[in-house]
Amino acid sequence: MTLRSENIQKGVCYLLLTSFLFSSQQAFGKVLYYLSSFERTFYFSLVAAVIMAMLCKKEKVPLMGAQPKLLFFRSLFGFLSTILVFAAATDAYPIANLSLLSSTSTIFALIAAVVWLKERMSRGQVLAIFIAFGGIVLLLKPTGGFLEQESLLALGGGFFAGLAYTVVRRLKGESPYSITFFFMVFSVIVSFPLALWQGMHPLGLFEIGILLLLGAVTAAAQFFLSLAYSYAPSTKISVYLYSQSLFAFLIGIVVFDEVPDLLSMAGGALLIGAGILNFIASRTMHRRQFYEV
């Protein structure tokens, strides 16, 4: 996507739209909870792959990137994250909790960057990890040694998404459209035999409509995410992605009649606070490194 003159306001608007689309993606996945996670992944990835192929053609970028090994691992981690999040998106599990636990990807990405990319971590980022851990404990609600399966699945989705984002940071020079297209095609190829093995359900017009929307929303989210970062750098606007949890909270109330309990709200506040602290600490550290050069 062409780099435009900086416009923070437009970047923020497109990023807020992206957050809403990501929340809608989880909501559509939850609506079709009775389909297996492999089946949902196959159908929506197929639709998204077609849309991303058209976007690649429009933007005149190659369908296949130049770094297949890294693209493979980005797609593998992204696929595992999608499967786990869809598996957690059951009829009974609140979408706000699902969104919050999957948003731990930013914290896991921070840890992975330190371990794999050998990046430095500031004191503020270390504090953010501990705060996030407290929020995770509140959301998991370990009572009597029992943890909800859906919570663990959503947390696993956040973990693998964090690894995927860390790989993306190594994919310098690759178009986000090419990265997403590779990811969608990978998901189609891997999920199809698994969905067949589990047994695929006959689809009615309702299911087809939701799956088409799911694929379109996924592609649109990737498009507007790239558009947002073409107007402003991530260091200035990425914090607004945490509005995804707020949108999920509102969707849960309006669409699914779900009201999170006090522990979930407290845990969510800690997780969002940790994410914002990580953003501020990272930006401060980069500024110091810039002036030290």
Side-chain angles (χ1 to χ4, degrees), residues 8-35 37 40 44 48 81-82 84-107 131-132 134-136 138-141 148 150-151 153-155 157-158 161 206 209-225 227-228 234 237-279:
I8 301 295
Q9 186 175 4
K10 279 190 175 182
V12 169
C13 288
Y14 284 126
L15 210 57
L16 289 174
L17 177 57
T18 299
S19 295
F20 174 74
L21 291 171
F22 279 137
S23 299
S24 300
Q25 178 187 10
Q26 293 176 339
F28 286 132
K30 180 180 172 70
V31 168
L32 298 178
Y33 68 92
Y34 48 87
L35 299 180
S37 54
R40 279 176 281 177
F44 101 81
S81 173
T82 302
L84 291 173
V85 169
F86 274 166
T90 62
D91 183 40
Y93 193 65
I95 189 174
N97 287 31
L98 175 66
S99 177
L100 286 165
L101 285 171
S102 61
S103 72
T104 55
S105 56
T106 56
I107 299 300
I131 293 174
I136 290 170
L138 291 178
L139 282 166
L140 291 179
K141 302 183 187 71
E148 284 185 292
E150 290 88 348
S151 295
L153 290 169
L155 184 62
F206 174 75
I210 295 296
L211 288 166
L212 287 172
L213 282 173
L214 184 56
V217 162
T218 301
Q222 296 295 331
F223 173 79
F224 285 113
L225 182 65
L227 188 60
S234 62
I237 63 173
S238 62
V239 69
Y240 289 95
L241 275 175
Y242 290 102
S243 61
Q244 177 183 339
S245 297
L246 175 61
F247 286 126
F249 175 78
L250 295 174
I251 290 173
I253 293 175
V254 175
V255 179
F256 300 106
D257 196 26
E258 298 171 345
V259 180
D261 57 31
L262 289 177
L263 279 179
S264 295
M265 294 177 70
L270 286 177
L271 275 178
I272 293 174
I276 295 173
L277 175 59
N278 174 39
F279 171 82

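These numbers were taken from a predicted model, which means no experiment stands behind them.
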Checklist entry - Does Ser105 reach the main-chain N or O of Gly158 with its side chain, forming a donor-acceptor pair under 3.5 Å? => result no

Checklist outcome for this item: Closest non-hydrogen atoms of Ala154 and Ala88, given as atom of the first, atom of the second and distance, are N-CB, 3.8 Å

Checklist entry - Out of curiosity, Asn97 CG to Glu148 CD, how far, rounded to the nearest 0.5 Å? => result 7.5 Å

Checklist entry - Any idea how Phe86 and Phe44 line up, ring-wise: parallel (<30°), tilted (30 to 60°), or perpendicular (>60°)? => result perpendicular

Checklist entry - What heavy-atom pair brings Glu150 and Thr90 nearest, and what distance separates the two atoms? => result OE2-OG1, 3.5 Å

Checklist outcome for this item: Taken to the nearest 0.5 Å, the spacing of Leu153 CG from Ser81 OG works out to 11.5 Å

Checklist entry - Under the 3.5 angstrom rule, does the side chain of Ser23 hit a backbone N or O of Gln244 as a donor-acceptor pair? => result yes

Next on the checklist: Quick check for you: to the nearest 0.5 Å, what is the distance between Leu140 atom CG and Leu101 atom CG?
Outcome noted: 6.0 Å

Item to check | Shortest non-hydrogen contact from Leu214 toward Gln25 | outcome: CD1-O, 3.3 Å

Item to check | Polar side-chain atom of Ser99 near backbone of Ala96 as donor-acceptor pair, under 3.5 Å | outcome: no

Checklist entry - Of all heavy-atom pairs between Phe22 and Ala221, which one has the smallest distance, and what is that distance? => result CE2-CB, 3.6 Å

Item to check | Close side-chain approach of Ile272 to Leu100, heavy-atom, < 4.5 Å | outcome: yes

Next on the checklist: Restricting to side-chain contact (heavy atoms from CB on, under 4.5 Å), what partner residues turn up for Leu270, sequence neighbours left out?
Outcome noted: Ile131, Leu138

Item to check | Closest approach of Ser243 to Leu16 (non-hydrogen atoms, all atoms of both residues) | outcome: OG-CD2, 3.4 Å

Checklist outcome for this item: So CG of Leu32 and CZ of Arg40: to nearest 0.5 Å the spacing works out to 7.0 Å

Next on the checklist: Measuring from atom CD1 of Ile107 to atom CG of Leu271, what distance do you get when rounded to the nearest 0.5 angstrom?
Outcome noted: 7.5 Å

Checklist entry - When rounded to the nearest 0.5 angstrom, what distance separates CD1 in Ile251 from CZ in Phe28? => result 8.5 Å

Checklist entry - With a 4.5 Å heavy-atom cut-off, do Tyr93 and Ser151 have their side chains touching? => result yes

Checklist entry - Quick one: does Phe20's side chain get under 4.5 Å of Leu250's, heavy atoms only? => result no

Checklist entry - What's the shortest heavy-atom distance between Gln26 and Ser102, and which atoms? => result NE2-OG, 3.2 Å

